[in-house]
Undergrad: 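The structure is given below, and queries will be raised subsequently.
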Amino acid sequence: MLLRLAVGVLTLVGPAFSQLGTAYTDPDNGITFWGLTDAVHGVTFGYVFPPLADNSTEFIGEIVAPIATEWAGVSPTGTMLQSLLLVAWANGNSIVRSARYATDYVQPVYAIALCIIFGNALTLLQVHSPSPSSQTFLQLKSTLHTGNGFIAAKTASVAWPTTTGGTNSIPISSFGAPAWTFSSVPVDDPSDPNSTFQEHTDFGFYGLDFSSAHVDHDTYINWANGGTGGPATPTTTTTSTTPTSTPTVTVSVTSTTITRILMAIQATPYDYIVVGAGPGGLVTADRLSEAGKKVLLLERGGPATWETGGTYGPTWAAGHNKPCSRIATRSGGAKCSQDAFLVAELQSMERWPASWGNHSPYTNKVLARLPSTDAPSTDGKRYLEQSANVAAQLLNYQGYRQLTINDHPDDKEHAYGYSSFDFIGGKRGGPVATYYKSAKARPNFTYRQYAYVQNLVRNGSQISGVQTNDTSLGPDGIIPLNPNGRIVLSAGTFGTSRILFRSGIGPTDMITLAKNDATAGPRLPLQSQWINLPVGYNVSDNPSINVSHGYSMYSYICVNLNVFHKQLVFTHPSIDAYDNWAQVWSNPRPADVAQYLKDFSGVLASSSPRLNFWRALSGTDGKTRWVQGTVRPGAASVTTVYPYNISQIFTITLYLSTGITSRGRVGIDAAMTARPLVNPWFTDPVDKAVLVQAINDLILNVNNIPGLTLITPDNTTTVTDYVNDYDPGSLCSNHWVGSASIGSVVDENAKVFNTDNLFVVDASVVPQLPMGNPHGMIMSMAEQAVTRILALAGGP
């Protein structure tokens, strides 16, 4: 959709709009417009009207956009509902223009009846070539620049009836706050003016004196008939106006200068603002709204699965409710990585506060909403089991036993079982298909995508709101809290840390970087209010080595986020590597496509892991570390001197998990980008030694399995050298935890120390890695955390 919230105008003390429209002349058509060029995207928006004495019902407007712009639009009234919405995009070297109208916060519809509603449809005038020095534009009149020229079109009426029985209009004789929209995501069908498209990726408002945006009759008629150039003769005016509807605005203007403006956008306050729609944020927002609280959930990214409006998918699944619409989404990519679903073990909770000891009820709450399965195909069968069967033979030689993983979460020593997932009905499930679904149905829950939270609005220990890039939610993007309201950060290990740093919470070196930034610095609290906490420290991630018998870099429908350049790869004549997944997105096996689309069963109803196993190892420091193994058919890459059949390879990945002692640090750089400052893998050499031991133990009995061959690493290197030479960047499992650890940054109720109403519920509070993939544990952690938050006195 274009815009969600209407603009209200209030009289405040001091100016609130940082951007004000002025007059400019388009160098290609000579038309003088009144408008603004957005400094971030380089898009220009402008309007010009005939003289007021003409009592005309039309205007000329333009959008001048760099060719990289996928689509851009305007709302002259600054509202979405019951307003003229003009959108345009490039289709090759031509321009597609579309007038839209919305009566609710949904996709604005193509207004075929514009000739009735607005008096006349948009019509082309002529095409002009842009100057050689200009970028490639499209221009609509309502005007849009792009392609090799620009297209001008006659404009719509300045007033129109609404579907609620009233009228709406552009304030052509006073001051207004028009809105602009921008998207870096293309429309679904560029050739169709009725095309659907995703919500804009950015938008904003600016102040504009419409009363000055008028030219004389002859000049306007010349431009409206396709003429170019000619002097603009704006009328200089000074006005002090009060619109008939509240709120009011007081303005003193000339044709080029606004000397005083007292305006603001009405902001809706909330009981709880949850920042980040990862597993922690989704669980938290659902439970808060379930408790009757007014909740706003903000997500920096765009649509993920079908439930959130995502439509990206393979062509062979067109027209079907796709199991996953994006490759990497949400905090840590938890939604669309492997969908491995492992519940929390009590042993991995040892470093949590003692009051968290009875965690089983919260694990059970997750399982009640999202049951796990190790046979996700709707026919109850398992597919491509060959790699699991071969690996099981190898593990049986070493004293492992088979069990159902999530039925025995605390029994992982020398245990293996079929990989467990959070699939529902043969499709990827997770918290979006469950917690988000129930929250979305409640009227007290609001969800906003593409909302980038930059910092908290903080005065000492009290947080009054958040500041975002979304200026439709409040003045300067600030969204306020209701009295006694609370903020919950769930933006992940990196995102939460960045927000805290930019809010004056964390180590001094990170806050100082924010202080030196032109945008972040002025928004920081006074230095006397900085809160020195070890945000960004104690970070851990599973160091992992792939032992390839072969594995899939494509988790079937969704691409696996973990990119490993070296692996432990094996071959065995029984293996079906499924064409190494090379064609699974574009052209999978026809029989498997037909089976999946029929009833969501078969190979494509699962993700790539086939088997998981665990064991504990003691290091030379006397500490116990746990190792997880994951078995998958196929392989990302093979480095070997041995001959092999690419269709018979599989991979085993070994991860170090609970008990590792290596830690890293995350922070921000001078550009305010969150990034690792110290990588968390093998900072303690004992961790590496334990992982080397685990690999050697795993491959000890390879020769006992007929036909099984380890081809990567091969006999030209040792396991120790293979690990020592492993690219440190390839050790990443994308399971980052700990940057706002409970006990050091937040208390046992997940409240940030030295604050009154700021909480963190995401992977960053987790003090040590669980034994398996973390997102199941993060959801159960969120269940306990939100229960504690709701139980605290003094809330909304």
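Because the structure is predicted, anything quoted here is derived from the model rather than measured. Side-chain atoms are counted along with the backbone in the values below, which use heavy atoms only and exclude waters and symmetry mates.
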Undergrad: If only atom types and distance count, is the side chain of K515 paired as donor or acceptor with the main-chain N or O of L524 below 3.5 Å?
TA: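 No; judged by distance alone, with no hydrogens or angles, the pair does not exist.
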
Undergrad: Please report the shortest heavy-atom distance between D188 and S195, naming the atom on each side.
TA: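 Where D188 meets S195 most closely, the heavy atoms are N-OG, 3.3 Å.
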
Undergrad: Going by side chain to side chain contact (heavy atoms under 4.5 Å, CB included), P50 matches just one of D54, V48, L52. Which one?
TA: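 When side chain to side chain contact (heavy atoms under 4.5 Å, CB included) is applied between P50 and each of D54, V48, L52, only D54 qualifies.
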
Undergrad: Under 3.5 Å, is there a donor-acceptor pair between the side chain of R458 and the main chain of Q529?
TA: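 Answer holds: yes.
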
Undergrad: Mind checking the CG-OG spacing from N444 to S289? Nearest 0.5 Å is all I need.
TA: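 The CG atom of N444 sits 5.5 Å away from the OG atom of S289.
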
Undergrad: Which atom names give the shortest non-hydrogen contact between A285 and F445, and what distance separates them?
TA: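 The pair with the smallest heavy-atom distance is CB-CE1, 3.9 Å.
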
Undergrad: Quick one: which of R502, R523, Q467 gives a side-chain hydrogen bond (donor to acceptor under 3.5 Å, both in side chains) with Q454?
TA: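 For Q454, the side-chain hydrogen bond (donor to acceptor under 3.5 Å, both in side chains) test succeeds with only one of R502, R523, Q467, which is R523.
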
Undergrad: Considering non-hydrogen atoms only, spot the tightest contact between P190 and A90 and give its length.
TA: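 Shortest heavy-atom contact: CB-O, 4.0 Å.
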
Undergrad: With ring pair (Phe, Tyr, Trp, His ring centres under 6.0 Å) as the test, pick out the partner of W71 among F197, W180, F182.
TA: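 Filter result, single survivor: F197.
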
Undergrad: Is there a donor-acceptor contact under 3.5 Å from the side chain of D669 to the main chain of A671?
TA: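 Confirmed, D669 side chain pairs with A671 backbone.
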
Undergrad: Answer yes or no: is there a donor N or O on one side and an acceptor on the other, between the side chain of T468 and the main chain of G477, under 3.5 Å?
TA: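 Confirmed, T468 side chain pairs with G477 backbone.
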
Undergrad: Enumerate the residue pairs fulfilling salt bridge (Lys or Arg N to Asp or Glu O under 4.0 Å) with a member in residues 462-474, sequence neighbours excluded, ordered by first and then second residue.
TA: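 Listed once each, the pairs are R448-D470.
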
Undergrad: What heavy-atom pair brings F210 and P76 nearest, and what distance separates the two atoms?
TA: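 Nearest pair, atom of F210 first, then P76: CZ-O, 3.7 Å.
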
Undergrad: Does T512 offer a backbone N or O that forms a donor-acceptor pair with the side chain of N516 under 3.5 Å?
TA: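 Between the backbone of T512 and the side chain of N516 there is a qualifying donor-acceptor contact (under 3.5 Å).
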
Undergrad: When rounded to the nearest 0.5 angstrom, what distance separates CD in Q462 from CG in L456?
TA: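 With rounding to 0.5 Å, CD (Q462) is 11.5 Å from CG (L456).
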
Undergrad: Could you grab the distance from atom NZ of K294 to atom OG1 of T268, nearest 0.5 Å is fine?
TA: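 Separation between the atoms: 5.5 Å.
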
Undergrad: Distance-only, no hydrogens or angles: does the N757 side chain make a donor-acceptor pair with backbone N or O of G485 under 3.5 Å?
TA: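 Checking the backbone N and O of G485 against the side chain of N757, a donor-acceptor pair under 3.5 Å is found.
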
Undergrad: Return the minimal non-hydrogen interatomic distance between V274 and S490, and the atom names on each side.
TA: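 Minimum heavy-atom separation between V274 and S490: CG1-OG, 4.0 Å.
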
Undergrad: With rounding to the nearest 0.5 Å, note down the distance linking CG in L298 to OH in Y270.
TA: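 Rounded to the nearest 0.5 Å, the CG-OH separation comes to 8.5 Å.
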
Undergrad: When you measure from the side chain of S183 to the backbone N and O of E70, does any donor-acceptor pair fall under 3.5 Å?
TA: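 Not at all, since once roles are kept as given, no pair shorter than 3.5 Å links the two residues.
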
Undergrad: What pair of heavy atoms forms the shortest contact from T32 to W223, and how long is it?
TA: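 For T32 versus W223, the nearest heavy atoms are N-CH2, 3.4 Å.
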
